[in-house]
Structures are given as structure tokens and as C-alpha cells.
Protein chains: 2
Amino acid sequence: MSLAAADLPLSLARHIATQIGDEIEQGLWKPGERLSEEVIARRFGVSRGPVREALQILAREELAVIRPRLGASVIQLQPDEIIDMFEVRGSLYALAIRLFVRRATAAEMDGYIALGQEIRRIAAGEPDVDPREFARAIQAASAYALAHSGNARLKATMGRMNRQAYRYYAILMHSIPAHRRALLEMSARMNDAIHTRDAETASIEAWRIVELNQSVIRRILGIPGTQPEETPCSPAGPHLPD
Amino acid sequence: MSLAAADLPLSLARHIATQIGDEIEQGLWKPGERLSEEVIARRFGVSRGPVREALQILAREELAVIRPRLGASVIQLQPDEIIDMFEVRGSLYALAIRLFVRRATAAEMDGYIALGQEIRRIAAGEPDVDPREFARAIQAASAYALAHSGNARLKATMGRMNRQAYRYYAILMHSIPAHRRALLEMSARMNDAIHTRDAETASIEAWRIVELNQSVIRRILGIPGTQPEETPCSPAGPHLPD
DNA sequence: CGAATGTCTACTGTCAACAAATAAAGCAAT
DNA sequence: ATTGCTTTATTTGTTGACAGTAGACATTCG
């Protein structure tokens, strides 16, 4: 049996977990805010048992942290932890692109192309682009590639991570229009490589996008990069000339 | 084995989770075996509450699967799911190597070199190499690089995955001596790159090792690979640790 | 006035029991 | 013997209560 939780209904615990989880994702709970068992139990009209279980589920999805005797609280990533997360996520993203290019059927490829066009359509409204809409389009495209990467484990792992990452995605989209332009260029190059089924180049470009995003986040969070003029590279790909 | 009276710094749930988790990792529980709440509760002399929580923790570590109304059972990966896991893990491994090369101090580098020598020392006994010892040495080296990659999230994510992966690692080590020799060659090349702080080459070699391992596992599990040059071998069937 | 200490409150950790649902056993009919 | 249904039994889901701890507050002493 797969890791994916295909079962949605029954069980109060799962219902509460998805509800609170969505709320956390949407930012209705502040990072670090305490998730009191009793308060949540009262709110849903249940006892503390299912709530306790729901909090465990949230911890499994890394949306909450549980400290013994201190209870659960909304996950609060330190700046360096955010960087770490995007680093790991970037590696998975590059893998997803690589696998998608290798395994996608023609129809799936068409679907991806359509999503790429959607991104360009939205970006065409420069300089008046809705950051949220732009972000959503990018996320949709990456989710599509992920879903058709043919690797369920990757989908689950990265999907879980995305729930966290997207809380900070707004930072990326709102910041520096120049960044958005660079992002679009890289994205175009990556999509070209994807269309021509050049898994290697696509993976490299994916990794570049990730590193660009990372540098932007670093700047915003005020964390100095390890190597300012780092050359972007793929998880396994060769160097490319700038 | 009643420990309810013992004053533990950790909660009962966490204690039970680590205990059962270790047992699963060691193969004392068969894949797919049911983890009955009541049986475990009786065994540890506690009520079902903490046990339930422990099972949630095990699910978080992906050592167990919880299906609503059907209870928890030891995770049972299908052959293709094993491939998927090693694929994801490989990507993380390459990242770990890359980061380690970039960020390791001189002392940490020395430590890694020592572990590499240990691997070669064990492998020198060819063709009479203890697979378990060999596996342990390789795992120690990769764990060292991971621990000093400077990315806590990567360490946690991959560490969790390793607990699963190492159940199937024996397959790799026991199989085909030729594979071990190729593995050693690649490993040597990677270590050279690591020593000279060539993150790019090191990462590439890491990825190659991963892909080699993957092809071996594919052969053993009888799953056709995406690469054409792979020779279909006699499907000896999934000979997994019980 | 500040620091250390004692008390209080709120919360978590744990338990035992009840309710609901699934899996297993038993039995009848073909 | 096999199939289908009914009944029983075991297991999970949930509850409310009790016990112990962490943190806040007030108190006392240097």
C-alpha cells in the first residue's frame, strides 16, 4: 500500500488535521502560535483525544512541532531553516523535472506546455502582474510535472514540503520585478529543454531557478550566501558556461 | 516489561515509538504485519493512548502505515515504491555530497577521508568481504557527510529515509561482486573529487553511484529500467529481509 | 530594588470505559 | 464442497476524568 493518504473521510482526527492544516497553510495561524488541545477540542466540539491525534498528523506534515510537555505549536522556521528547506526542495524539484522529461507521454507533455503558456500569458501583463496569480501559475506547472514524474514517493515528499514552502512563496513573488523577469527567462529555457526532452539541460535549468530563488530569499532574510558568485549547477549535471 | 512506574524524561509514547521503530528497522517485524494497539499496550504495560500516539510517530517516520478503521501495520513497500524511494534518496545524497564539499572544514574533511580509507580497508579483503561490514562502512561515510552538510533539514529528511532504505541495503551488498567492484571505483572517484573540493564532480559521481545501485535493485526486483542498455536478469524475486 | 523562592493555574500525559465498525466464525441453502 | 447470509468477537474511535509538570505570578529575603 502506498504512503499517500487516499482516505479522506471518517475519523475526526483527520478532519481536524486537514482543517487546521489548511488554515496554517493559509496563514490564519501565526508561526510559533500555540495549538492548544483544549481550545481546538472545544472549537470542534470533540474531546482532546482526536485533537491530539490531529496534532500528530500535522507534525507528520511538518506544519506543527510537538515538544514534550510543552504541547504543539505552529512550525516556525528560522531564516536558515527556510534556506535549508528550499535547498532540499530545489534538489527534489530538479529530480521531478528530470523524471518528467524522461517519462512523460506526449499528452502529458502537451498539458505541461499549456501550463507554461499560461505562465507566459500572465507574465505578459508586465509590469502589472498579480503576484498571487503568477505564483499560482508557477505552482500549478511544477505540481503538474511532479504529478507526472512517475514517482509517487517524490510526489508525496515534495508535496508535503510545498505546503510549507508556499507560505514563503509570496516573498518571492512580491519582491523585485527584476527577479521575476530573470525567473521567466530561466523558466523559458527550462521549458525549451523540457519540450525537446533534454532531461539534463532541463534539470540544470530547474536547479538554476531554485538557486536564484534561494539567493533572493537570502537577500530578503538577510543571510549572506556561502559563495556570492556561485555557479548554478544541476544535481548531477556538468558545468555550463554562463 | 512494565515501565509505567519508571520515571522517564521522554513520554511513554516516544519511548515505545523508538523501541518499535528500532525493531522494525532490524527486521523483527515483517513488512505488512499488523501493529495491534492492544498487544503493544499489554506488552509495555500501558494503556492504548500512548501506543496510539507511538504509532502516529512511526507513521511520521514512514515505518508504519495507518489506515482508518484498519489500524497500523508495518510499512510494506512494493518493488516500484522501493525504486521510487531510492530515486528520491539518491537526489538527496547527491545534494548532501555537494553541500559537504562546499562547506566542510579541514577537520571534517579529514574525518571523511578517514572513513573513506576504512571502506577501502574493508574492501581490500576481496573477494572475502563481509557484506554487512561493507554496508556499515559505506553508511557511516554517507552519514558523516550528511551530518556535516550544514543543512539540518536535509539531515532529518534523509536520515528518516535511510531508516527505511537500510532495510533493503543488504540486497545491494550481497549481490553481484562485480557491482561492489564498480561501486568501489565510483566511490574512489567521488572521494577524489571530494578531497579536491570539486563539488560538481563529486555530485556527479554521487549520482552515478545512486544510479548504479538503482539498476542493481531494479534487476533484483525484476523491474525493467528506463535505460535501454540494461540487461534483464533472472527475476530471483524480491528477496527482502524478513 | 533585584533576585531567589514558593504557590497557583493551566496544560499536557495517561488511563479505563463506552460506542461503532470491521473482520472472523458459524450456519443454512444450493 | 461452495456460496451467501447472520451472528459473534475483536479492534479501533472516542470520551471524560485524574495525575503530574511547566510557566506565571506573587512573596520573601539579601
Side-chain angles (χ1 to χ4, degrees), chain A residues 1-3 5-21 24 29-76, chain B residues 1-21 23-24 29-76:
Chain A
M1 193 58 67
S2 165
L3 301 158
D7 319 291
L8 174 75
L10 291 321
S11 176
L12 290 176
R14 281 166 197 267
H15 178 254
I16 295 171
T18 53
Q19 177 66 30
I20 301 284
I24 291 175
W29 296 77
K30 294 196 184 91
E33 188 171 355
R34 283 199 60 188
L35 294 160
S36 166
E37 294 178 2
E38 199 174 343
V39 170
I40 296 175
R42 249 202 308 273
R43 170 181 154 191
F44 284 91
V46 300
S47 84
R48 277 176 46 223
V51 174
R52 223 173 144 74
E53 203 164 319
L55 294 176
Q56 288 284 346
I57 293 173
L58 290 176
R60 185 164 68 203
E61 298 182 357
E62 317 210 61
L63 289 172
V65 284
I66 299 177
R67 286 169 302 182
R69 297 258 162 223
L70 295 179
S73 47
V74 178
I75 193 167
Q76 183 174 33
Chain B
M1 187 209 283
S2 176
L3 46 83
D7 44 352
L8 294 159
L10 292 173
S11 70
L12 288 176
R14 278 163 199 273
H15 179 256
I16 295 170
T18 53
Q19 176 66 31
I20 301 283
E23 291 177 8
I24 292 175
W29 296 77
K30 295 197 182 86
E33 188 170 357
R34 283 198 58 188
L35 294 161
S36 164
E37 294 179 3
E38 197 175 344
V39 170
I40 296 175
R42 249 201 309 272
R43 169 179 155 192
F44 284 92
V46 300
S47 83
R48 278 175 45 222
V51 173
R52 227 172 140 71
E53 203 163 320
L55 294 176
Q56 288 284 344
I57 294 174
L58 290 176
R60 186 164 66 203
E61 298 183 358
E62 317 211 63
L63 290 173
V65 180
I66 298 177
R67 283 169 303 183
R69 293 267 161 215
L70 295 178
S73 48
V74 178
I75 192 167
Q76 184 173 31

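Below, read A as the first sequence line, B as the second, and so on, with proteins coming before strands; counting in each chain starts at 1.
Distance, L12(B) CG to dT14(C) P: 4 Å, rounded to whole Å. Taking atom CD on E38(B) and atom C1' on dA21(C), their separation rounds to 16 Å, with Å as the unit. Taking atom CZ of R42(A) as the reference point, atom C1' of dG16(D) lies 14 Å away to the nearest angstrom. If you take CZ of R67(B) and P of dT22(C), they are 13 Å apart, rounded to a whole angstrom. The nearest whole Å value for the distance from the CZ atom in R14(A) to the P atom in dT12(D) is 14 Å. Remark: C1' of dT14(C) and CZ of F44(B) are 16 Å apart, rounded to the nearest angstrom. Atom pair H15(A):NE2 and dG13(D):C1' shows a separation of 16 Å (rounding to whole Å applied). In this structure, the CG atom of L70(A) is 13 Å from the C1' atom of dA10(C), given to the nearest Å.
When distances run from any side-chain atom of R69(A) to the nucleotides dT21(D), dT14(C), dT11(D), the shortest one goes to dT21(D). Of the candidates dT11(D), dA16(C), dT14(D), the closest approach to any side-chain atom of S47(B) belongs to dA16(C). You'll find that the side chain of V46(B) is closest to dC15(C), out of dT11(D), dC15(C), dT22(C). Of the listed nucleotides (dA23(C), dC11(C), dT14(D)), dT14(D) has the atom at the smallest distance from the side chain of R52(B).
Within the 4.5 Å cutoff, side-chain heavy atoms of R67(A) are placed close to those of S73(A). Using a 4.5 Å heavy-atom cutoff, the side chains of V74(B) and L63(B) are not in contact.
Among the heavy atoms of the strands lying under 4.0 Å from G71(A) are primed sugar atoms or P, OP1, OP2 only; no base atom is included.
Between R48(A) and E38(A) there is no salt bridge, since no side-chain nitrogen of the basic residue lies less than 4.0 Å from a carboxylate oxygen of the acidic one.
The base of dG13(D) lies close enough to the side chain of R48(B) for a donor and an acceptor atom to sit less than 3.5 Å apart.
A donor-acceptor distance shorter than 3.5 angstrom exists from the side chain of E33(A) to the backbone of K30(A), with no hydrogens or angles considered.
Contact check, R34(A) against dA22(D): no side-chain N or O comes under 4.0 Å of OP1 or OP2.
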